[in-house]
Q: 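This is the structure I have questions about; it appears just below.
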Amino acid sequence: MSEFFKNVPKVEYEGPKSKNPLAYKYYDKNRVVGDKTMGEHLKFAMAWWHTLCADGTDMFGVGTANKSFGTSNPMNLAKAKVEAGFEFMDKLGIDYFCFHDRDMAPEGKDIDESNKNLEIISDLVLAKQKDTGKKLLWGTANLFGNPRYMHGAGTSPNADAFAYAAAQVKNALDVTKKLGGSGYTFWGGREGYETLLNTNMGLEQENMARFFKMAIAYADKIGFNEPFYIEPKPKEPTKHQYDFDAATTISFLRKYGLDDRFRLNLEANHATLAQHTFQHEIRVAREEGFFGSIDANQGDTLLGWDTDQFPTNIYDAAFAMYEVLKAGGFTKGGLNFDSKQRRPSFTLEDTAMSFIAGMDTLAVGLLVADEMIKDGRIDSFVDERYASWNSGIGKSIREGKEDFESLAAYASKLGDVENISGRQEMLEGIVNQLILDTLTK
């Protein structure tokens, strides 16, 4: 059998003092953090599309990375990617993967040939899973790449496009169940609009809800009882997408009675595009009971598009993992690297080093988040800041015992309101201290 990542050895944990670019400095899979190992906390997944397919092509130039894996025939290439993907996961110690149907197997001349192609490749993947123990985190269908979806899929004005998308998702659900997936994700790549001049927004959103309900009904029929995820994104490729951010998506799910089966797969770069922090998006999801899974990457605040960079910002990783721990950790979800190396980083060794950088960053984030919680100063400060709601007039308001008239009478006896400082800079200093303490232990 061919070895594709020939210059990538089995990547091991060597500790913070290591200078080896092909070794983990902070991600120690078996290290216990709280009540779980790092491997259990950080359910890392390889994104089939970026890792095995993305070659650096952008709107200004052709690809720079060779992802041909020794062949140009579409089906032979798909088979080679199975070998390459499992080799890569084995060498990096990654236990999960995610896929789109069209990056795992090529599209055929019609839906039947496309389904047959995916059946052949998924049989190979299943055999590899049985041999290696690797697991499918979630599957999905590419409902945005083909020109038939130029106006959307579930929100298309063309009912034939809607029907074709349903057939495609039906097959993707079959394959996700076949491979033991622990979830299924919808990313509405073109579910939105460019201009309201030609858009029936109400009908489009109603149809999207119909599409999701059909997916639930079919999943129930085949015995796929795992959660569905929606991945919020505000724009690109469509100027305004209906799943703009966590709050918008949760509102949609509740409006159409989909909130019992759907959770959110949140991406850091999409939070940036929505002008939120990633911590904000996770906090909204967990406070509302919709936290599910994460696409691990980062964006560039100076660029207005989805750069899908590997996560290397320790602060963002710490705040994200703080929210994950506060949510009780992952259940069915995990950390899928929807990330791609930069275009000038074009070798397969760069692919491995990109993953190592991202995995080390999230490992540090986990350690810092655990320290933030154990240290207790931040949580204690928040509790103290809101202490007025646990006694006196605050408690009475929360218990529904007050109205405007009673509060007006109370306020007339107050004089002026005395506030206490929010101490933002002090709290940011505590985070700095905990990060430095974690890195120097």
Q: Check for a donor-acceptor pair, side chain of Thr176 on one end and backbone N or O of Tyr184 on the other, with a separation under 3.5 Å.
A: no
Q: Answer whether the closest heavy-atom distance between the side chains of Gln241 and Pro234 falls below 4.5 Å.
A: no
Q: Considering residues, nucleotides and ligands other than Arg423, do more than 12 of their heavy atoms fall under 6.0 Å from its CZ?
A: no
Q: Thinking salt bridges, do Lys128 and Glu83 make one under a 4.0 Å N-O criterion?
A: yes
Q: Please walk me through it: do Gln168 and Asp101 pass side chain to side chain donor-acceptor pair (under 3.5 Å)?
A: CA-CA 8 Å; Gln168 197 172 326; Asp101 52 358; 3.0 Å; yes
Q: Quick one: CZ on Arg385 to OG on Ser421, what's the gap to the nearest 0.5 Å?
A: 8.5 Å
Q: State, to 0.1 Å, how close Gly189 and Thr238 come at their nearest heavy-atom pair, and which atoms those are.
A: O-OG1, 3.8 Å
Q: Going from CD on Glu349 to NZ on Lys6, what distance comes out if it is rounded to the nearest 0.5 angstrom?
A: 11.5 Å
Q: Nearest 0.5 Å, what's the CD1-CG distance between Ile435 and Asn432?
A: 6.0 Å
Q: Establish, from distance only, whether the side-chain atoms of Glu191 and Thr155 form a donor-acceptor pair under 3.5 Å.
A: yes
Q: For Asn269 and Asn297, what are the C-alpha separation, side-chain angles and deciding distance, and is it a side chain to side chain donor-acceptor pair (under 3.5 Å)?
A: CA-CA 6 Å; Asn269 201 165; Asn297 60 24; 4.9 Å; no
Q: Stepwise, does the side chain to side chain contact (heavy atoms under 4.5 Å, CB included) test hold for Leu137 with Ser293?
A: CA-CA 9 Å; Leu137 189 65; Ser293 196; 4.2 Å; yes
Q: For a quick test of reading the model, state the closest non-hydrogen atom pair linking Ala247 to Val284 and the distance between them.
A: N-CG1, 4.1 Å
Q: Strictly below 4.0 Å, N to O, side chains only: are Asp174 and Lys178 in salt-bridge contact?
A: no
Q: For the CD1 atom of Ile120 and the NZ atom of Lys79, what is their distance to the nearest 0.5 Å?
A: 6.5 Å
Q: Between Tyr256 and Phe212, is the gap from one ring center to the other below 6.0 Å?
A: no
Q: Check the side chains of Tyr315 and Glu428 for a donor-acceptor pair under 3.5 angstrom, ignoring hydrogens and angles.
A: no
Q: A cation-pi test, strictly: NZ or CZ of Arg261 under 6.0 Å from the centre of the six-membered ring of Phe228 and no more than 45 degrees from its axis. Yes or no?
A: no
Q: Taking the basic N atoms (NZ, or NE/NH1/NH2) and the acidic carboxylate oxygens, is any pair closer than 4.0 Å for Asp112 and Lys116?
A: no
Q: Any donor-acceptor pair under 3.5 Å linking the side chain of Ser122 with the backbone of Leu118?
A: yes
Q: Find out whether Leu179 and Val125 are in side-chain contact, i.e. whether some heavy atom of one side chain is under 4.5 Å from a heavy atom of the other.
A: yes
Q: Considering residues, nucleotides and ligands other than Lys255, do more than 12 of their heavy atoms fall under 6.0 Å from its NZ?
A: no
Q: Quick check against the 3.5 Å criterion: does Thr132 have a side-chain atom that pairs as donor or acceptor with the backbone of Lys134?
A: yes
Q: Show the numbers, then the answer: is there a ring pair (Phe, Tyr, Trp, His ring centres under 6.0 Å) between Phe162 and Phe211?
A: CA-CA 8 Å; Phe162 183 105; Phe211 195 92; 5.2 Å; yes
Q: For Tyr322 and Asp370, does a side-chain donor sit closer than 3.5 Å to a side-chain acceptor?
A: no
Q: Between Asp245 and Thr248, is there a side-chain donor-acceptor contact under 3.5 Å, judged purely by atom types and distance?
A: yes
Q: Which label fits His240 and Tyr242: parallel for a plane angle under 30°, tilted from 30 to 60°, or perpendicular past 60°?
A: perpendicular
Q: Determine, for Asp306 against Lys233, whether the closest basic-nitrogen to carboxylate-oxygen distance falls under 4.0 angstrom.
A: yes
Q: Would you mind telling me which of Trp48, Phe186, Phe144, Trp138 makes a ring-ring contact (aromatic ring centres under 6.0 Å, His included) with His100?
A: Phe144
Q: Take Glu231 and His270, measure what side chain to side chain contact (heavy atoms under 4.5 Å, CB included) needs, and give me the verdict at the end.
A: CA-CA 9 Å; Glu231 185 173 322; His270 295 176; 3.1 Å; yes
Q: Tell me, with the steps shown, if Ser68 and Asn66 meet side chain to side chain donor-acceptor pair (under 3.5 Å).
A: CA-CA 6 Å; Ser68 67; Asn66 183 354; 2.6 Å; yes
Q: For the residue pair Gln433 / Arg377, report whether a side-chain donor-acceptor contact shorter than 3.5 Å exists.
A: yes
Q: Is it true that the side chains of Gln341 and Asp350 contain a donor and an acceptor less than 3.5 Å apart?
A: no
Q: If only side-chain N and O atoms count, and only distance matters, is there a donor-acceptor pair under 3.5 Å linking Asp55 with Thr57?
A: yes
Q: With the threshold set at 4.0 Å, does a side-chain nitrogen-carboxylate oxygen contact exist between Glu107 and Arg148?
A: yes
Q: Please answer whether the main-chain N or O of Gly154 pairs with a side-chain N or O of Asn207 as donor and acceptor at a distance below 3.5 Å.
A: no
Q: Mind checking whether Lys332 and Glu226 have side chains closer than 4.5 Å, heavy atoms only?
A: yes
Q: Is the NZ or CZ atom of Arg263 both under 6.0 Å from the centre of the six-membered ring of Phe291 and within 45° of that ring's axis?
A: no
Q: Got a salt bridge between Asp90 and Lys10, using NZ or NE/NH1/NH2 to carboxylate O under 4.0 Å?
A: yes
Q: We want to know whether Asn142 and Trp187 form a side-chain donor-acceptor pair, criterion being a heavy-atom distance below 3.5 angstrom.
A: no
Q: Could you walk me through whether Asn390 and Arg398 pass the side chain to side chain donor-acceptor pair (under 3.5 Å) test, one step at a time?
A: CA-CA 9 Å; Asn390 296 323; Arg398 292 178 70 185; 3.0 Å; yes
Q: Does the side chain of Ile356 reach to within under 4.5 Å of the side chain of Pro21, using non-hydrogen atoms?
A: no
Q: Could you grab the distance from atom CG of Asp295 to atom CG of Leu335, nearest 0.5 Å is fine?
A: 9.5 Å
Q: Does Glu14 come within less than 4.0 Å of Lys19, counting only side-chain N to carboxylate O?
A: no
Q: Any chance you could measure Leu42, atom CG, to Met321, atom CE, to the nearest 0.5 Å?
A: 5.0 Å
Q: I'd like to know if the side chain of Ser114 and the backbone of Gly108 have a donor-acceptor N/O pair within less than 3.5 Å.
A: yes
Q: Taking atom CZ of Phe346 as the centre, report whether more than 12 heavy atoms of other residues, nucleotides or ligands fall under 6.0 Å from it.
A: no
Q: Checking the side chain of Asn265 only, and the main-chain atoms of Thr185 only, is there a donor and an acceptor separated by less than 3.5 Å?
A: no
Q: With respect to Phe355, which candidate in Phe88, Phe44, Tyr24 satisfies the ring-ring contact (aromatic ring centres under 6.0 Å, His included) definition?
A: Phe88
Q: Before accepting this row, confirm whether a basic side-chain N of the pair Lys239/Glu194 lies closer than 4.0 Å to the acidic partner's carboxylate O.
A: no
Q: Counting only heavy atoms not in Lys29 (residues, nucleotides, ligands), do more than 12 fall under 6.0 Å from its NZ?
A: yes
Q: Under a 4.5 Å cut-off applied to non-hydrogen side-chain atoms, are Thr51 and Phe97 in contact?
A: no
Q: Using only heavy-atom distances, determine whether the side chains of Gln279 and Thr277 contain a donor-acceptor pair under 3.5 Å.
A: no
